[in-house]
Amino acid sequence: MPDLILALDVTEKKKALAIAEACAPHIDAIKVGYPLALAAGLSIAGDLKKTGLPLIADFKVADIPNTNQLICDQVFLAGFSAIICQGFCGMDSVKACVASARTHHGECYVVAEMSHPGGKEFFSGGIAEQIAANAVIAGADGIIAPATRPDRVAVLRGFVGDKKILSPGVGTQGGSVDSIAELVDGIIVGRSIYDAPDPAAAAQSYAAARRRQKR
Ligand code: NUP
């Protein structure tokens with residue numbers, strides 16, 4: 001059964017914390033990206049830690065190795081348990097994020113292919129496969145691959161073996177739990193939970209849906 005990861009892209013700190021607390025019993029991790037981190041500051045990690053859930057920083061880190069390491073160190077020192085980086089900057093840049101993750105006993109995930117329509121423009125033609133293979137060689141914990149394209153996730157699984165695949169794009173972007181759950185280790189859902197009239201109920205129904213799947 002894949003984890004259910006809430007993408008908490010809510011820019012009002014009070015609202016974000018209320019949604020996190022209400023959804024916490026139904027989810028396995030919280031992903032924080034630029035929208036919330038820029039609105040509330042990195043200290044949001046300390047506030048969200050009260051849920052007891054792992055916190056994934058989705059900053060899609062994409063710089064030279066030294067800068068990547070400096071960024072990741074700050075993220076882990078703030079209390080996050082995992083970092084998401086881009087893979088297209090090359091193996092050395094990914095390795096720097098992995099090294100920081102290891103120093104801080106955290107995890108590192110590499111974006112292999114993005115879930116939006118534009119994600120097909122540059123990640124296709126073998127690039128995503130190469131990024132996924134590099135992620136394995138760099139020692140990353142897994143990759144990010146699109147729930148909007150289960151066929152692509154199946155291909156990328158062939159490159160990462162039993163490394164984890166976390167998959168965004170379920171719900172608002174058009175992906176479904178039924179078509180992706182058996183292929184991945186984590187399903188990332190944002191708007192379909194936090195914009196729902198009752199976010200906790202929405203989280204509960206996504207949790208139940210992925211429970212019906214085998215993996
Ligand atoms: O390829 C990606 N697609 C994607 O949507 C890589 C991501 N990290 N994300 C993130 O997942 C995106 O930034 C957002 O935080 C979340 C999906 O949110 P939603 O479409 O379910 O609202």
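Remember, it's 1-based here, ligands and their atoms both numbered in the order they're listed.
Note on Met91: it does not cluster hydrophobically with Ile83, by side-chain heavy-atom contacts below 4.5 Å among ILVMFWY residues. Follow the hydrophobic side-chain contacts under 4.5 Å out from Tyr109 and you reach Val94 in the same cluster.
The closest side-chain donor-acceptor pair between Ser179 and Ser176 falls under 3.5 angstrom.
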Between the protein and ligand 1, are there any N or O atom pairs that come within less than 3.5 Å of each other, and if so, what are their names and distances?
{"unit_1": "ligand 1", "atom_1": "1 (O)", "unit_2": "Ser115", "atom_2": "N", "d": "2.9"}
{"unit_1": "ligand 1", "atom_1": "3 (N)", "unit_2": "Ser115", "atom_2": "OG", "d": "2.7"}
{"unit_1": "ligand 1", "atom_1": "5 (O)", "unit_2": "Ser115", "atom_2": "OG", "d": "3.4"}
{"unit_1": "ligand 1", "atom_1": "5 (O)", "unit_2": "Gln173", "atom_2": "NE2", "d": "2.8"}
{"unit_1": "ligand 1", "atom_1": "8 (N)", "unit_2": "Asp58", "atom_2": "OD2", "d": "2.8"}
{"unit_1": "ligand 1", "atom_1": "8 (N)", "unit_2": "Lys60", "atom_2": "NZ", "d": "3.1"}
{"unit_1": "ligand 1", "atom_1": "15 (O)", "unit_2": "Asp9", "atom_2": "OD2", "d": "2.6"}
{"unit_1": "ligand 1", "atom_1": "15 (O)", "unit_2": "Lys31", "atom_2": "NZ", "d": "2.7"}
{"unit_1": "ligand 1", "atom_1": "20 (O)", "unit_2": "Gln173", "atom_2": "NE2", "d": "2.8"}
{"unit_1": "ligand 1", "atom_1": "20 (O)", "unit_2": "Arg191", "atom_2": "NH2", "d": "2.8"}
{"unit_1": "ligand 1", "atom_1": "21 (O)", "unit_2": "Gly190", "atom_2": "N", "d": "2.8"}
{"unit_1": "ligand 1", "atom_1": "22 (O)", "unit_2": "Arg191", "atom_2": "N", "d": "2.7"}
{"unit_1": "ligand 1", "atom_1": "22 (O)", "unit_2": "Arg191", "atom_2": "NE", "d": "2.8"}

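In this pair, Phe123 and Phe88 present their aromatic rings tilted. The plane angle is within the 30 to 60° band.
At distances below 3.5 Å, not a single donor-acceptor pair connects side-chain atoms of Arg152 with backbone N or O atoms of Arg149. When atom types are taken as modelled, the side chain of Tyr34 and the backbone of Phe59 share a donor-acceptor pair closer than 3.5 angstrom.
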